[in-house]
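To start, the structure itself, in structure tokens.
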Amino acid sequence: NKTVVWSSADDSVAKVDQNGTVTGVSTGYVVIYAEHTENGNTFTDSYGIVVTQGKISNVSVTGIKNAVFTGKEITQKPVLTSLGRTLKEGEDYEISYENNVHAGTAKVIIEGYGDFEGTTTKTFKIAKAQNTISIVAKTLNVPQTLIKAQKKGLNTYLFADANEAPKISYKLLSVPKKAGKKIKLNAKGRLTLMKGIKSGTYNIKVRVTAAATKDYKKATKTVTYRS
């Protein structure tokens, strides 16, 4: 009968299991021993191995997630493991980024350090954020006397704004019946109160649309203006 017992002189450099499989842990030199007993006699063999730097591209990288645009740099907290060992940032690798502010595809560049060499690049998506439309004024101060004084009625403008100053468009949804066809609105927000419109207060429902930009989605908002 023959029994072999395997051991490593330094498990911090390399480990060996009882099948004789050696696994490198860190760079360095280590001696592996094999002791066996046969017919009552014990024999010991040994051999030295050098553990060189591992390639960072071969390690497992998890924990990188997609994100939404915030206006600031977006960073990640990846988890790197190699042969059951969790690597440490600043000790085993360093991280840098490219294109990690605006919507699109960002890069996480991982550079090996210490026991690891080379680089590996991972990517994640930065999605466009929801935009917010702000209305400058919902009350339009339009004195009836000014309307009567103009042969073609009176033009005034609606104003709205959103992040990244997108193109803003307007669509008239409804006006009070008493206005008839005396109120018009073009896509640029020019509101026309035509001559002959009756005196009174008018609630005008308008859909305001902010076009999509590099970092924000298209947004719409229904607003009731009062004149």
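Position 1 is the first residue of the sequence, and the numbers go up from there. Side chains included, hydrogens not; waters and symmetry mates left out as well; all remaining heavy atoms used.
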Worksheet item: Taking Gln130 for the side chain and Lys217 for the main chain, is one N or O donor matched with an acceptor at less than 3.5 Å?
Response: no
Discussion item. With rounding to the nearest 0.5 angstrom, report the OG to CZ distance, Ser57 to Phe116.
Written reply: 11.0 Å
Item to complete: Might you point out which heavy atoms bring Val59 and Ile56 nearest each other, and give the distance in Å?
Response: CG2-O, 3.1 Å
Worksheet entry | Derivation and outcome, side chain to side chain contact (heavy atoms under 4.5 Å, CB included), residues Thr75 and Ile95 | CA-CA 10 Å; Thr75 58; Ile95 294 179; over 6 Å; no
Worksheet item: If we only count heavy atoms from C-beta on, is the Glu89 to Leu80 side-chain gap below 4.5 Å?
Response: no
Discussion item. A side-chain contact here means heavy atoms from C-beta on lying under 4.5 Å apart; do Lys122 and Lys107 qualify?
Written reply: no
Worksheet item: Under the 3.5 angstrom rule, does the side chain of Ser8 hit a backbone N or O of Val16 as a donor-acceptor pair?
Response: no
Worksheet item: Is it true that Phe124 and Tyr93 fall in one hydrophobic cluster, defined by side-chain heavy atoms closer than 4.5 Å?
Response: yes
Item to complete: Classify the ring geometry between Trp6 and Tyr47 as parallel (under 30°), tilted (30 to 60°) or perpendicular (over 60°).
Response: perpendicular
Worksheet, complete the sentence: side chain to side chain contact (heavy atoms under 4.5 Å, CB included) test vs Leu191 passes for just one of Val206, Ile204, Asn186, namely Ile204
Worksheet item: Measuring from Thr23:OG1 to Lys15:NZ, what's the distance to the nearest 0.5 Å?
Response: 8.5 Å
Item to complete: Ignoring hydrogens and angles, tell me if any N or O in the side chain of Asp215 forms a donor-acceptor pair with the backbone of Ala103 under 3.5 Å.
Response: yes
Item to complete: Tell me, with the steps shown, if Thr27 and Thr52 meet side chain to side chain contact (heavy atoms under 4.5 Å, CB included).
Response: CA-CA 5 Å; Thr27 56; Thr52 58; 5.6 Å; no
Fill in: Test item: Lys128 side-chain N/O and Thr213 main-chain N/O as donor-acceptor pair under 3.5 Å
yes
Worksheet item: To the nearest 0.5 Å, what is the distance between OG (Ser174) and CZ (Arg207)?
Response: 10.5 Å
Item to complete: Determine the interplanar angle of the Tyr216 and Phe69 rings, folded into 0 to 90°, and report it as parallel if under 30°, tilted if 30 to 60°, perpendicular if over 60°.
Response: perpendicular
Item to complete: State yes or no: do Tyr202 and Tyr170 share one hydrophobic cluster built from I, L, V, M, F, W and Y residues joined by side-chain heavy-atom distances below 4.5 Å, directly or via other members?
Response: yes
Fill in: Criterion side chain to side chain contact (heavy atoms under 4.5 Å, CB included) on Thr81 and Thr62, from CA distance to verdict
CA-CA 9 Å; Thr81 55; Thr62 59; over 6 Å; no
Practice prompt. Decide if atom OH of Tyr113 counts as having more than 12 heavy atoms of other residues, nucleotides or ligands within a radius under 6.0 Å.
Written response: no
Worksheet item: After noting the C-alpha distance and the side-chain angles of Val108 and Tyr97, does the key distance pass the side chain to side chain contact (heavy atoms under 4.5 Å, CB included) rule?
Response: CA-CA 5 Å; Val108 183; Tyr97 296 88; 3.8 Å; yes
Practice prompt. Could you grab the distance from atom CG of Leu158 to atom CG of Leu172, nearest 0.5 Å is fine?
Written response: 9.0 Å
Response to the item:
CG (Asn131) and OG1 (Thr209) are apart, to the nearest 0.5 Å, by 11.5 Å
Item to complete: Answer with yes or no whether the side chains of Thr105 and Lys125 bring together a donor and an acceptor at under 3.5 Å.
Response: yes
Practice prompt. Look at the side chain of Asn100 and the backbone N and O of Ile74, then say whether any donor-acceptor pair between them is shorter than 3.5 Å.
Written response: yes
Worksheet, complete the sentence: Closest non-hydrogen contact found for Ala162 with Pro166 is O-CD, 3.5 Å
Discussion item. Would you compute the distance between atom CG of Asp115 and atom CD of Glu91 and round it to the nearest 0.5 angstrom?
Written reply: 8.0 Å
Worksheet item: If you take all heavy atoms of Ile133 and Val208, which pair is closest and at what distance?
Response: CD1-O, 3.5 Å
Item to complete: Kindly check if the number of other-residue, nucleotide or ligand heavy atoms within 6.0 Å of CD (Glu73) is above 12?
Response: no
Fill in: Taking every non-hydrogen atom, the tightest pair across Val30 and Ala14
CG1-CB, 3.7 Å
